[in-house]
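If you read the sequence from its start, that first residue is 1, and numbering goes on from there. Values reported hereafter were calculated over all heavy atoms of this structure, with side chains retained and with hydrogens, waters and symmetry mates removed.
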Amino acid sequence: MEQFTRRNFNSLFTKGVVGSTLMGSVPLAKGFYAGQETNKLGIALVGLGSYSTYQLAPSLQDTQYCYLAGIITGTRAKEAEWQEKYKIPKKNTYNYENFDSIANNPDIDIVYVVLPNSMHADFCIRAAKAGKHVICEKPMAVSVEECEAIISACKKEKVRLGVGYRMQSDPYTKEIKKYVEEKTFGDVLFVSSDAGYISKGNPDQWRLNKSLSGGGALMNMGVYAIQTSIYGTGHNPISVSAQEFSTRPDYFKQTDETITAQFEFPDGIIGHMMTSHNANGNRLKSHCSDGWFELDPAHSYGPISGKTSNGNVISFPHQRQQALQMDDFAKHILMGTPNVAPGEMGKRDMIIVEAIYKSIAEGGKKQSLDLGRMGIVS
């Protein structure tokens with residue numbers, strides 16, 4: 001069998017979307033194994049790279065409402081390794097060629113797409129056509145058009161859609177939203193958000209390949225800065241202007257290295273964000289009429305840390321954010337609780353991303369945004 005890796009995923013783009021369309025309600029997993037309970041939803045991970053290996057799979061050992069039921073990989077060696085480590089039955093193991101037959105597997109309730117960005121739309125749509133609920137890792141896609149196609153497919157097939165925004169399930173994020181909603185420190189006046197790290201040593205990684213990533217720092221870390229700017233003010237921006245900076249063009253040959261952007265929000269609130277693959281940044285600070293609050297770090301895997309102008313420390317017991325995120329989505333399906341990271345949130349962020357890139361292309365020209373309350377979840 002041909003071995004697929006994240007570097008040759010482009011060959012998959014020529015595949016048609018196949019598999020029968022399942023209409024109506026989706027049955028939940030009936031069986032269980034490896035000590036899993038029958039009331040948990042079965043999740044299959046599509047793509048077994050570092051995020052699935054070191055974050056999602058371990059987190060699924062801590063979840064209460066879902067469990068690791070299946071895997072989809074193009075690497076034969078990973079099949080055996082994961083089957084043994086997580087006691088995954090062979091019948092719940094798929095590759096990219098037979099993926100669509102997952103429609104016939106009642107053990108799988110949710111498909112979590114953890115592939116390079118340019119493959120998100122294809123596999124999310126195929127998962128929906130297979131009658132499975134969908135979690136799409138962030139960013140949702142490489143264009144607004146693709147986001148809309150994913151949303152449309154999930155609505156058509158009557159399956160639920162969530163985006164892998166783990167911070168939306170984190171208690172620190174919920175506390176920030178509470179400060180904003182209750183005006184604990186008065187009205188928000190200015191928000192600053194940074195999200196970045198220094199990439200080095202692997203110029204061939206898929207995140208630096210535009211055909212796979214769709215962009216650079218903005219598509220990767222910039223989504224965090226966009227998100228924190230929004231929940232740090234409680235509003236979607238109404239305009240954005242942006243600038244791009246490059247200091248290592250030999251390394252960042254195809255993708256953006258560092259981007260800064262300025263937002264205007266309703267009620268006269270101003271925002272500034274920085275995202276980079278060549279500078280560290282992990283902070284949110286909201287300045288208000290009666291004080292301020294900040295998270296630093298703001299969106300790492302944890303522990304997160306925060307403080308406020310009145311001397312209080314924002315502190316919660318550390319929990320795996322990915323476990324909280326996947327449990328939130330499972331509860332949304334099982335119990336009808338709010339979807340804390342719906343597809344509309346992913347689409348909104350891609351609208352902002354495209355506006356930032358357009359502003360840069362037009363020399364920093366301000367771009368108007370008409371988002372209303374799209375994607376904002378209290």
Side-chain angles (χ1 to χ4, degrees), residues 117 138-148 163 165 176-177 180 186-196 210 213-247 249 252 254-279 281-289 292 294 298-299 343-377:
N117 307 336
K138 67 84 189 162
M140 186 172 168
V142 297
S143 68
V144 174
E145 182 179 6
E146 286 190 352
C147 291
E148 291 173 340
V163 183
Y165 286 136
I176 294 302
K177 289 183 176 182
V180 173
D187 295 322
V188 177
L189 304 175
F190 177 82
V191 63
S192 177
S193 299
D194 300 329
K210 192 172 183 179
S213 64
L218 181 61
M219 292 285 286
N220 182 20
M221 300 303 293
V223 178
Y224 290 113
I226 290 170
Q227 287 254 315
T228 50
S229 297
I230 290 171
Y231 60 73
T233 62
H235 295 287
N236 286 328
I238 57 176
S239 75
V240 64
S241 55
Q243 306 79 35
E244 180 181 354
F245 303 91
S246 175
T247 62
F252 301 102
Q254 300 181 27
T255 59
D256 45 281
E257 173 190 318
T258 300
I259 284 177
T260 58
Q262 300 75 46
F263 296 116
E264 292 178 324
F265 295 91
D267 302 327
I269 304 170
I270 301 298
H272 178 273
M273 64 159 273
M274 182 281 291
T275 186
S276 181
H277 275 165
N278 196 39
N282 194 346
R283 183 170 176 259
L284 159 68
K285 188 169 186 178
S286 292
H287 300 262
C288 309
S289 56
W292 52 264
E294 72 172 352
H299 41 68
E344 288 74 17
M345 183 182 287
K347 174 185 172 180
R348 175 204 65 192
D349 293 350
M350 190 51 54
I351 291 173
I352 296 171
V353 165
E354 289 190 354
I356 289 174
Y357 280 136
K358 185 177 181 182
S359 175
I360 292 169
E362 296 180 357
K365 182 180 178 181
K366 182 188 295 186
Q367 307 294 316
S368 296
L369 295 164
D370 184 14
L371 301 170
R373 302 291 292 176
M374 181 190 299
I376 291 184
V377 179

**Listed partners of S213 passing side-chain contact (heavy atoms from CB on, under 4.5 Å), at least two apart** = N117, W206, T255
**Listed partners of A261 passing side-chain contact (heavy atoms from CB on, under 4.5 Å), at least two apart** = V240, A242, M273, I356
**Request:** Could you tell me which residues satisfy salt bridge (charged side-chain N to carboxylate O under 4.0 Å, His left out) with K347, sequence neighbours excluded, listed by chain and number?
**Result:** E148
**salt bridge (charged side-chain N to carboxylate O under 4.0 Å, His left out) partners for E145, two or more places apart** = none
Sequence neighbours left out, what passes side-chain hydrogen bond (donor to acceptor under 3.5 Å, both in side chains) with [X]? Give chain and number order.
X    : value
Q367 : E362
K177 : Q168
T275 : none

**Request:** Please collect all ring pair (Phe, Tyr, Trp, His ring centres under 6.0 Å) contacts where either partner lies in residues 221-245, sequence neighbours excluded, each pair once.
**Result:** Y224-H299
Residues forming a ring pair (Phe, Tyr, Trp, His ring centres under 6.0 Å) with [X], sequence neighbours excluded:
X    : value
Y357 : none
H287 : F190
F265 : F263

**Request:** Sequence neighbours left out, what pairs pass salt bridge (charged side-chain N to carboxylate O under 4.0 Å, His left out) with at least one residue falling in residues 263-276?
**Result:** E264-K366
**Item:** From E146, M345, M219, residue fulfilling side chain to side chain contact (heavy atoms under 4.5 Å, CB included) relative to M350
**Value:** M219
